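Below is one structure; the comments refer to it alone.
Numbering starts at 1 and runs along the sequence shown. Hydrogens, waters and symmetry mates are skipped; everything else that's a heavy atom, side chains included, is used. The structure presented is a predicted model; accordingly, all values stated were derived computationally and were not measured.
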Amino acid sequence: MSMASAREIKNHIESVKNTRKITNAMYLIASTKLRKAKADLDRTRPYFEAVRTEIKRIFRTVDNIDSPYFYPADPDDHLTEGTYGCLVITADKGLAGAYNQNVLKQMQKLLKGHPDTELFVVGESGRRFCVRHDIPIERSFRYTAQNPTMERAREIARVLMERYESGRLKKIFIIYTDMESSLQSEAITTRLLPFHRSYFAMGASEKKVSQPFEFIPSVEEVLRLEVYGYVAGYIYSALVDSFCSEQNARMTAMDSANQNAEKLLGELSLQYNRVRQAAITREITEVSAGALAQRRKRRKEVETP
């Protein structure tokens with residue numbers, strides 16, 4: 001190999017080092033965002049459980065509530081016909097392993113099983129995928145997926161609830177990524193509406209309320225507001241959970257990139273040292289050969305009379 005090859009290897013080493021700086025910085029940024037998002041997620045759980053408890057309390061107080069937000073009491077009515085709505089939560093960026101691909105696979109699976117589905121998309125990755133594959137989007141929420149807030153969750157809930165209450169949508173699903181632990185995340189499809197009544201049924205240790213509450217203006221209106229709060233809370237929880245999963249996936253991807261960079265740097269350094277050693281050996285050989293030639297020349301001059 002020539003010295004030019006050694007320079008190329010050295011430039012390659014510098015390029016890998018610069019890339020490693022970027023991936024390491026992205027790892028640190030993702031870890032910081034993950035800690036903050038986890039704290040936000042932990043703060044949502046008490047609110048979520050409180051709303052569920054209030055809905056259960058209504059069912060413990062009033063018998064035979066007829067609500068469009070719950071499956072009919074008739075077990076034969078499964079509401080399988082009609083248009084579905086699906087909220088799809090993806091990221092704005094890549095470099096997060098298979099995070100976006102797993103969500104989009106769930107979306108395609110739902111569309112294949114029920115083509116009459118309107119999509120509501122959060123995240124640039126989901127929008128770009130639908131545009132590339134000519135998949136219609138009913139509503140694209142243009143704000144970034146990087147900063148989930150309760151206000152944005154309420155806006156999404158309002159859009160979905162209006163279509164559901166008007167009868168345009170028979171069911172509403174949400175596809176997002178649930179971070180089960182720091183080592184495992186899973187893209188899941190969950191039905192938001194209608195609810196199964198059993199989800200809010202009384203537990204074995206709970207008793208029916210003996211003194212009925214007074215609902216103003218009506219029990220149906222109170223239940224509607226509670227359901228709205230529950231749906232908005234669930235959407236916010238899904239947004240934050242997805243954001244946590246995205247940052248966790250990015251940390252994993254960047255950590256893997258850092259490890260690959262270290263491995264590549266080791267291989268390049270070894271290759272660079274071999275090239276340098278070969279060049280040094282060649283130079284020493286050339287100098288030695290030149291010195292030997294000079295000695296032979298002088299010896300001939302001395303021996304010549």
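- For the pair N18/I22, no side-chain contact is recorded, criterion being any heavy-atom separation below 4.5 Å from C-beta on.
- The shortest side-chain heavy-atom distance between R20 and N258 falls under the 4.5 Å cut-off.
- Distance alone, capped at 3.5 Å, places no donor-acceptor pair between the S242 side chain and the L239 backbone.
- Atom CD of E138 is separated from atom CG of L160 by 10.5 Å, given to the nearest 0.5 angstrom.
- Using the six-membered ring where Trp is involved, Y84 and F173 have ring planes that are tilted, between 30° and 60° apart.
- Judged as a side chain to side chain donor-acceptor pair (under 3.5 Å), the pairs with a partner in residues 102-113 (not counting sequence neighbours) are, in order, Q106-T189.
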Yes or no on side-chain contact (heavy atoms from CB on, under 4.5 Å) for M107 and L110, after CA distance, side-chain angles and deciding distance? CA-CA 5 Å; M107 180 189 75; L110 179 63; 5.9 Å; no
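- From I89, atom CD1 reaches atom CZ of F120 across 13.5 Å, with rounding to the nearest 0.5 Å.
- Note that CD1 of I172 and CE of M161 are 7.5 Å apart. Values are rounded to the nearest 0.5 Å.
- Cluster annotation: I137 is connected to V88 through the hydrophobic network of ILVMFWY side chains, with a link wherever side-chain heavy atoms come within less than 4.5 Å.
- Side chains of R152 and I235 form no contact here, defined as non-hydrogen atoms less than 4.5 Å apart.
- By the 4.0 Å N-to-carboxylate-O rule, R168 lies close enough to E118 to be salt-bridged with it.
- Environment of CZ in R274: sparse, with no more than 12 heavy atoms of neighbouring residues, nucleotides or ligands closer than 6.0 Å.
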Output, in order, the C-alpha distance, side-chain angles, deciding distance and verdict of side-chain contact (heavy atoms from CB on, under 4.5 Å) for K170 and Y164. CA-CA 6 Å; K170 296 299 182 182; Y164 182 82; 6.0 Å; no
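- When atom types are taken as modelled, the side chain of R191 and the backbone of P194 share a donor-acceptor pair closer than 3.5 angstrom.
- With hydrogens and angles disregarded, no donor-acceptor distance shorter than 3.5 Å links the side chain of S125 to the backbone of T90.
- Of the possible polar contacts, none joining the S15 side chain to the N11 backbone as a donor-acceptor pair under 3.5 Å is found.
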Start with the C-alpha gap between L265 and K17, add the side-chain angles, then the distance that decides, and say whether side-chain contact (heavy atoms from CB on, under 4.5 Å) holds. CA-CA 8 Å; L265 284 174; K17 286 182 177 179; 3.9 Å; yes
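- Y176 and Y99 fall into different hydrophobic clusters, where Ile, Leu, Val, Met, Phe, Trp and Tyr residues are linked whenever their side-chain heavy atoms come under 4.5 Å apart, directly or through other members.
- In terms of heavy-atom proximity, D92 sits nearest to G123 at OD1-CA, 3.4 Å.
- Side-chain atoms of H133 come within 3.5 Å of backbone N or O of F129 as a donor-acceptor pair.
- Between the CZ atom of R128 and the CG atom of N100 there is a distance of 8.0 Å, given to the nearest 0.5 Å.
- Between E124 and R127, at least one side-chain N (NZ, or NE/NH1/NH2) sits under 4.0 Å from a carboxylate O, which counts as a salt bridge.
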Could you walk me through whether T190 and Y234 satisfy the side-chain contact (heavy atoms from CB on, under 4.5 Å) test, starting with their C-alpha distance in whole Å, then the side-chain angles of each, then the deciding distance to 0.1 Å, before giving a yes or no? CA-CA 11 Å; T190 302; Y234 195 101; 3.3 Å; yes
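- With hydrogens and angles ignored, the 3.5 Å screen pairs a side-chain donor or acceptor of H114 with a backbone N or O of G82.
- A heavy-atom distance below 4.5 Å is not found between the side chains of K171 and L193.
- Looking only at distances, no side-chain donor or acceptor of D178 sits under 3.5 Å from a matching main-chain atom of A187.
- The main-chain N or O of S256 is found under 3.5 Å from a side-chain atom of N260 such that the two form a donor-acceptor pair.
- The distance from the SG atom of C86 to the CD1 atom of I175 is 3.5 Å, given to the nearest 0.5 Å.
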Apply salt bridge (charged side-chain N to carboxylate O under 4.0 Å, His left out) to E155 and R158, showing your working. CA-CA 5 Å; E155 169 64 16; R158 182 187 62 78; 2.8 Å; yes
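- Taking a cutoff of 4.0 Å between a charged side-chain nitrogen and a carboxylate oxygen, E14 and K10 do not qualify as a salt bridge.
- S245 contributes a side-chain N or O that, together with a main-chain N or O of T177, makes up a donor-acceptor pair within less than 3.5 Å.
- Taking CD from Q271 and CD from E8, the interatomic distance works out to 10.0 Å, rounded to the nearest 0.5 Å.
- Smallest separation of non-hydrogen atoms from T23 and A257: CG2-CB, 4.0 Å.
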